[in-house]
Every structure is written in C-alpha cells, then in structure tokens.
*Asks:* 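Pasting in a structure now, in structure tokens, and then I'll have a few things to ask.
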Amino acid sequence: QVQLVESGGGLVQTGGSLRLSCAASGTILSINTMGWYRQAPGKQREEVAIATSGGSTNVADSVKGRFTISRDNAKNTVYLQMNSLKSDDTAVYYCNAAGVRLIGVAGRSNYWGQGTQVTVSS
C-alpha cells in the first residue's frame, strides 16, 4: 500500500507564498508522475502541475509564472512552490501519484493524498 502525506498548506494573504510538500511512502519501485490538483468549493478538481520521473513538468495556464513544481525521485517527494497567491487559488490541494509500481505487485496504480487546505485572504 502507498501513503501520500501532504504538508505546507495554510492561510496566507494575497501576494504571499506557500510551499506544499507531498511524500509517498510504501513498497514503491517507481512512480511515473507526481503532481498537484486542486478543488475549490462548488468546482471540479483541476490539475495544477505535474512532474514526470524523467524531469518533464507541466503547469496549468492559470498558475504559470507563479507556481513551480519540483520532484525528488530518490525521496518520492514532490513540491509545489506557490508565489504571488491570489484569492482564486483558494482550494483544497491534493497530491497525486500516478503509474506507481510496487515491489511484488504486477501493474501500476494511482494514489491520492488526503488534501491540504490553502486559503488566500484579500
């Protein structure tokens, strides 16, 4: 089994910064993609940023230039540096690990973290 533990959310003023971290633990052989999604009240969950094991990244247009995703493959950890935060960034942020291979298990699976609240106040 795999656990994703997120940290770093909280309350910040408009224009401020936060750094989210997500560490995956378990009998993990490899993880294809790690990323961040968010869901605001009354809205669908949306992709924010993803990072592949090969180093490629993709960041949503709505946060491009303000958010940066990075990943430490050795630690199975992904980070999201969020700068110039706006009220529209207020949401629950979820960590995702996709294409996870486990020791002794065939195939790949996807996992989600429990979510961390980010609130940006004006």
Side-chain angles (χ1 to χ4, degrees):
Q1 195 52 279
V2 172
Q3 257 198 323
L4 300 181
V5 179
E6 300 144 334
S7 61
L11 174 65
V12 65
Q13 290 188 327
T14 299
S17 298
L18 284 174
R19 188 185 192 223
L20 304 183
S21 300
C22 171
S25 62
T27 54
I28 298 169
L29 272 176
S30 63
I31 304 175
N32 278 354
T33 303
M34 296 189 77
W36 293 94
Y37 293 71
R38 68 185 182 185
Q39 188 166 18
K43 295 188 177 181
Q44 288 190 327
R45 189 174 297 188
E46 63 175 357
E47 180 183 299
V48 176
I50 59 172
T52 70
S53 57
S56 299
T57 62
N58 188 63
V59 180
D61 288 342
S62 59
V63 304
K64 199 164 289 183
R66 300 187 296 120
F67 290 12
T68 303
I69 188 169
S70 59
R71 179 175 167 175
D72 185 332
N73 289 333
K75 295 182 179 179
N76 289 326
T77 299
V78 65
Y79 307 94
L80 185 68
Q81 179 66 45
M82 305 186 293
N83 299 329
S84 302
L85 283 160
K86 308 174 181 179
S87 57
D88 286 349
D89 298 318
T90 295
V92 178
Y93 285 69
Y94 295 91
C95 177
N96 174 263
V100 180
R101 285 188 63 196
L102 300 176
I103 297 172
V105 177
R108 296 177 181 268
S109 301
N110 297 335
Y111 297 90
W112 289 94
Q114 78 284 358
T116 185
Q117 177 70 46
V118 171
T119 302
V120 184
S121 65
S122 55

*Asks:* Where is the tightest heavy-atom contact between Val78 and Cys95, given as atom of each residue plus distance?
*Replies:*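 Looking at all heavy atoms of both residues, the shortest contact is CG1-SG, 3.9 Å.
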*Asks:* Between Asp89 and Lys86, is there a side-chain N and carboxylate O pair less than 4.0 Å apart?
*Replies:*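 Answer for the salt bridge query: no.
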*Asks:* Do Val92 and Val118 come close enough that some side-chain heavy atom pair is under 4.5 Å?
*Replies:*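 Contact flag for Val92/Val118 side chains = no.
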*Asks:* For Gly8 and Leu18, which heavy atoms make the closest approach, and how far apart are they?
*Replies:*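 Heavy atoms of Gly8 and Leu18 come nearest at O-CD2, 3.8 Å.
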*Asks:* Please enumerate all residues that pass side chain to side chain donor-acceptor pair (under 3.5 Å) together with Thr14, with sequence neighbours excluded.
*Replies:*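 By the side chain to side chain donor-acceptor pair (under 3.5 Å) rule, Thr14 matches no residue at all.
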*Asks:* Looking at CD of Gln81 and OG of Ser21, how far apart are the two atoms once the value is rounded to the nearest 0.5 Å?
*Replies:*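 Here the interatomic distance stands at 9.5 Å.
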*Asks:* Atom OG1 of Thr116 and atom CG of Leu80: how far apart are they, to the nearest 0.5 Å?
*Replies:*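 It is 11.0 Å, given to the nearest 0.5 Å.
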*Asks:* Quick one: do the Thr77 and Asp72 side chains pair a donor with an acceptor below 3.5 Å?
*Replies:*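 No donor-acceptor contact under 3.5 Å links the two side chains.
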*Asks:* Could you check whether any side-chain N or O of Arg45 sits under 3.5 Å from a backbone N or O of Gln39, counting only pairs where one atom can act as donor and the other as acceptor?
*Replies:*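 Here the side-chain-to-backbone pair does not exist.
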*Asks:* Please examine the side chains of Asn32 and Thr52, heavy atoms only from C-beta on, and report whether any two atoms are closer than 4.5 Å.
*Replies:*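 In short, these two side chains do not touch, never coming nearer than 4.5 Å.
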*Asks:* Please report the interatomic distance CD(Glu6) to CD(Gln117), rounded to the nearest 0.5 Å.
*Replies:*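 Here the interatomic distance stands at 12.0 Å.
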*Asks:* Under a 3.5 Å cutoff, is there a donor and acceptor pairing between the side chains of Arg38 and Tyr93?
*Replies:*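 A pair is found: one side chain offers a donor N or O, the other an acceptor, under 3.5 Å apart.
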*Asks:* Would Ile28 and Trp112 show up in the same hydrophobic cluster when neighbours are defined by side-chain heavy atoms closer than 4.5 Å?
*Replies:*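 They do not share one cluster, since no chain of ILVMFWY contacts under 4.5 Å joins Ile28 to Trp112.
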*Asks:* Apply side chain to side chain donor-acceptor pair (under 3.5 Å) to Arg101 and list each qualifying residue two or more places apart in sequence or on a separate chain.
*Replies:*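 Result, side chain to side chain donor-acceptor pair (under 3.5 Å) vs Arg101: none returned.
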*Asks:* Which atom names give the shortest non-hydrogen contact between Ser17 and Asn83, and what distance separates them?
*Replies:*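 That would be OG-OD1, 2.9 Å.
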*Asks:* Do Val59 and Val120 share a hydrophobic cluster, counting only Ile, Leu, Val, Met, Phe, Trp and Tyr and linking them when any side-chain heavy atoms are less than 4.5 Å apart?
*Replies:*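 The answer is yes; both residues are in one hydrophobic cluster.
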*Asks:* Between Val2 and Leu102, is any pair of side-chain heavy atoms under 4.5 Å apart?
*Replies:*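 Yes. Closest side-chain heavy atoms under 4.5 Å.
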*Asks:* With rounding to the nearest 0.5 Å, note down the distance linking CZ in Arg71 to CD1 in Ile31.
*Replies:*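 Here the rounded value is 6.0 Å.
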*Asks:* Determine the minimum heavy-atom distance between Met34 and Cys22, stating which atoms define it.
*Replies:*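 Closest approach of Met34 to Cys22: CE-O, 4.2 Å.
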*Asks:* Between atom CD of Gln13 and atom CG of Leu85, what is the distance when rounded to the nearest 0.5 Å?
*Replies:*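 Result: 11.5 Å between the selected atoms.
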*Asks:* Check for me whether the distance between the ring centres of Trp36 and Phe67 falls short of 6.0 Å.
*Replies:*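 Judged by ring-centre distance (under 6.0 Å), Trp36 and Phe67 do not meet the cut-off.
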*Asks:* Any side-chain heavy-atom pair from Leu11 and Ser121 closer than 4.5 angstrom?
*Replies:*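 Leu11 reaches Ser121 side chain to side chain.
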*Asks:* Quick one: CD1 on Ile69 to CE on Met82, what's the gap to the nearest 0.5 Å?
*Replies:*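 That separation rounds to 11.5 Å.
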*Asks:* Considering only heavy atoms from C-beta outward, does the side chain of Asn96 approach that of Tyr94 to under 4.5 Å?
*Replies:*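 Asn96 does not reach Tyr94 side chain to side chain.
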*Asks:* Under the 6.0 Å and 45° cation-pi test, does Arg19 pair with Tyr79?
*Replies:*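 Pair Arg19/Tyr79 counts as cation-pi.
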